[in-house]
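Every chain is numbered from 1 and lettered A, B, ... according to where its sequence line falls, protein lines coming before strand lines.
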Amino acid sequence: MQNADVARFFDDLADLLEIQGANPFRIRAYRNAARTIENLTESVAGIAADPEQSLRDLPGIGKDLADKIVTILDTGRLPQLDALREEIPPGVVEMLRLPGIGPKKVAVLFRELGVASLDDLEQAAEQGRIAELKGFGKKTEQSILAGIAQVAAAGKRVWLAEAKTLADEIVAELSQRKSVGRASVAGSCRRLKETVGDLDVLVTSTDPAATMDGLAESERVSETLSRGETKQRVRLRSGLEMDLRVVPDDSYGAAMQYFTGSKEHNIVLRRRAQERGLKLNEYGLFRDGTSIAGRTEDEVYRSLDLPWIPPELRENRGEIERAEQGRLPTLIELSDIRGDLHMHTTATDGTATILDMVNGAKARNLKYIAITDHSKRVAMAGGLDAARLREHWANIDAIRKQTSGIEVLCGIECDILEDATLDLPDDVLSESDWVLAVLHYGLKQPREQINKRLLAAIRNPHVSAIGHPTGRLIGKRPGAEIDFDEVFRAAADFGVMLEINAHPARLDLDDIHAAAARDLGIPIVINTDAHSVSGLDMMQYGIYQARRAGLEKQNVANTRSWSQFRKLLRNRS
DNA sequence: GCCGTTTTCGGCCCGACTGTTTTCAGTCG
């Protein structure tokens, strides 16, 4: 059982308890436990099985929750959850997804009207039965109908690449207005999370009303959803929603801190303020009603006896403790990257020639690259068999001889087949400078078989790295189920690198698993998987993911000079 | 349900906006 699966039990339990009107602090305890488990770099099953470790050492896990975790791991069920599900149908929980509808309203709808699904709810709204309930009205009824349509339509999270591009454009647009002073993206987009649910933008303004009018009239905005003195929520034409907050200049740093989040990080900070007799909110840090910090984020953190913490790390995954101890990582930057070990050409499904890719890489100041076209199993992309691959390598060789200033490796993205063999024979792989082994097919196989495949690839002496280890496509398909503990141990033992694939749809390994791999000393490679020259620019998104994992330059193999990187390869055999 | 160099009981982060109210609960981030 994966950490995320265990966490889900507690989130589901919390949802049901909320509808039931249970003690809010008990509910919070379940949610805190879910976050703690989700953010672990070790597997919770591993901790439970290890006599040297105790679940109760995890923050927010006491006797009761430790027992519940063991029950979940042993039986795959949680009796309390099963009992609650008997009382509250799944459709009732689903209603929580509607904007403006929370547990209290859901409970009333279920209790008073017997509404037990989105379909029931839509019917009741159309019949005007909702507006008659106490605490409800015509507007709530209308917003329920609008919400149902919205949930059906989309309301989904978008890739960071899309959200960030849009957010940067909007900030630039707002910055041009005369009334606007400072402007910045905040929220999960600033934390560079792999997906973004909505945008948060912060501005200082001499004329808030005019600034909000300006946003409402922007080409990128389709409608204003709500608007007050300091906050405006709009829907963008792309479907994404955005909050604009207008804050006083003296509060800008505190507001940036507050609206960047994460919620979990902020809760710990506010508690820290309380312990020091202070109060922290979006307007500043206050002692007895007098502001003692707020103009800059740095000021806020310093006044809480902490160094400034990079937004990418603000998830309450131990960054506050590390900051306190002066052990914050020096996060990797794009300019640290020297090589790119995953890219395609017209030999398979790329759109650029070998020479184009080589020149594109040189233009981006890379010192070494690997050309890694597909192996034959990926027939749709025109994958290469042994003969075509050798021919391709000869072409790469020819170009390498007439090129200077960059090392070009004859590589291959070799499929790990469903039966745990590799798509090309060992004698071919042995001629390669760089073998990236990957899963493309059979991702739904049971975990045991997936692990068998990955372990077989890792043990093959010709394999250099595992590319996009889970095979997930964010928002489109989940990755393969992997026993990460076992795979990571094998990668560490055999000196096989693991990839963070920089494509915005992959970002695979994710932040948590990349951190776990780093903890085991496994060298990480960040690669673009470029299918065109401009695809080489995706490196930035891989760097973002690595920063969220807390990776430093020395954790990432392709920050090394070519001569250093080559040594890593030689150590392999 | 968790947690504790002020506590094993009594706390548990904070404010804006909306809709339904006539002073505030619910929701959201």
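Taking atom P in both B:dT27 and B:dT20, the straight-line distance is 13 Å, to the nearest Å. Taking the P atoms as reference points, B:dG1 lies 23 Å from B:dT5, given to the whole Å. Annotation: B:dG10 and B:dG15 have their C1' atoms spaced 24 Å apart (nearest Å). A distance of about 15 Å separates the C1' atoms of B:dT23 and B:dT18, rounded to the whole Å.
Of the side-chain N and O atoms in A:Ser226, none sit less than 4.0 angstrom from OP1 or OP2 of B:dC28. Remark: A:Arg233 is in phosphate contact with B:dG29, judged by side-chain N or O atoms under 4.0 Å from OP1 or OP2. Between A:Lys263 and B:dC28 there is no side-chain N or O to OP1 or OP2 distance below 4.0 Å. Distances shorter than 4.0 Å separate none of the side-chain N or O atoms of A:Gln274 from OP1 or OP2 on B:dG11.
Remark: P of B:dT18 and NZ of A:Lys105 are 14 Å apart, rounded to the nearest angstrom. The OH-P distance, from A:Tyr258 to B:dC14, rounds to 9 Å in whole Å. Between the CG atom of A:Leu65 and the P atom of B:dC3 there is a distance of 9 Å, given to the nearest Å. Atom CD1 in A:Ile19 sits about 10 Å away from atom P in B:dT27, given to the nearest Å. Distance, A:Arg227 CZ to B:dG19 P: 15 Å, rounded to whole Å. One can place CZ of A:Phe25 at 15 Å from P of B:dC2, the figure rounded to the nearest angstrom. Distance A:Asn23 CG to B:dG11 P: 13 Å, rounded to the nearest Å. We find that CD of A:Glu275 is positioned 17 Å from P of B:dG11, with the value rounded to whole Å.
If you check B:dG1, B:dG29, B:dG26 against the side chain of A:Ala29, the one that comes closest is B:dG1. Among B:dA16, B:dG26, B:dC14, the nucleotide with an atom closest to any side-chain atom of A:Lys279 is B:dC14. With B:dG29, B:dC2, B:dC12 as the candidates, the nucleotide lying closest to the side chain of A:Arg28 is B:dC12. When each of B:dT27, B:dC12, B:dA16 is scored by its nearest atom to the side-chain atoms of A:Lys231, the top-ranked nucleotide is B:dA16.
Each of A:Lys139 and A:Glu282 has a nearest nucleotide on DNA chain B; the 5'-most of these lies closest to A:Glu282. Residue-to-nucleotide proximity on DNA chain B shows that, of A:Asp198 and A:Lys63, the 5′-proximal contact is made by A:Lys63.
Looking at A:Asp11 and A:Arg35, a side-chain N of the basic residue comes within less than 4.0 Å of a carboxylate O on the acidic one, giving a salt bridge. Using a cutoff of 4.0 Å between basic side-chain nitrogens and carboxylate oxygens, A:Arg227 and A:Asp213 are scored as salt-bridged. Using a cutoff of 4.0 Å between basic side-chain nitrogens and carboxylate oxygens, A:Glu194 and A:Arg472 are scored as salt-bridged. Under a 4.0 Å N-O distance rule, the pair A:Asp305/A:Arg272 does not qualify as a salt bridge.
Nucleotide B:dC24 has B:dG19 as its partner under the Watson-Crick or G-U criteria, with both atom distances under 3.5 Å.
A donor atom on one side chain and an acceptor atom on the other are found under 3.5 Å apart for A:Glu319 and A:His265.
With hydrogens and angles left out, the side chain of A:Asp200 and the base of B:dG29 share no donor-acceptor pair within 3.5 Å.
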- Message: Set out, in order, the CA-CA distance, both residues' side-chain angles and the distance that settles salt bridge (charged side-chain N to carboxylate O under 4.0 Å, His left out) for A:Arg31 and A:Glu18, then state yes or no.
- Response: CA-CA 11 Å; A:Arg31 296 226 188 265; A:Glu18 267 192 317; 3.0 Å; yes

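Contact annotation for A:Ile27: no contact, since no heavy-atom pair falls under 4.0 Å across all strands.
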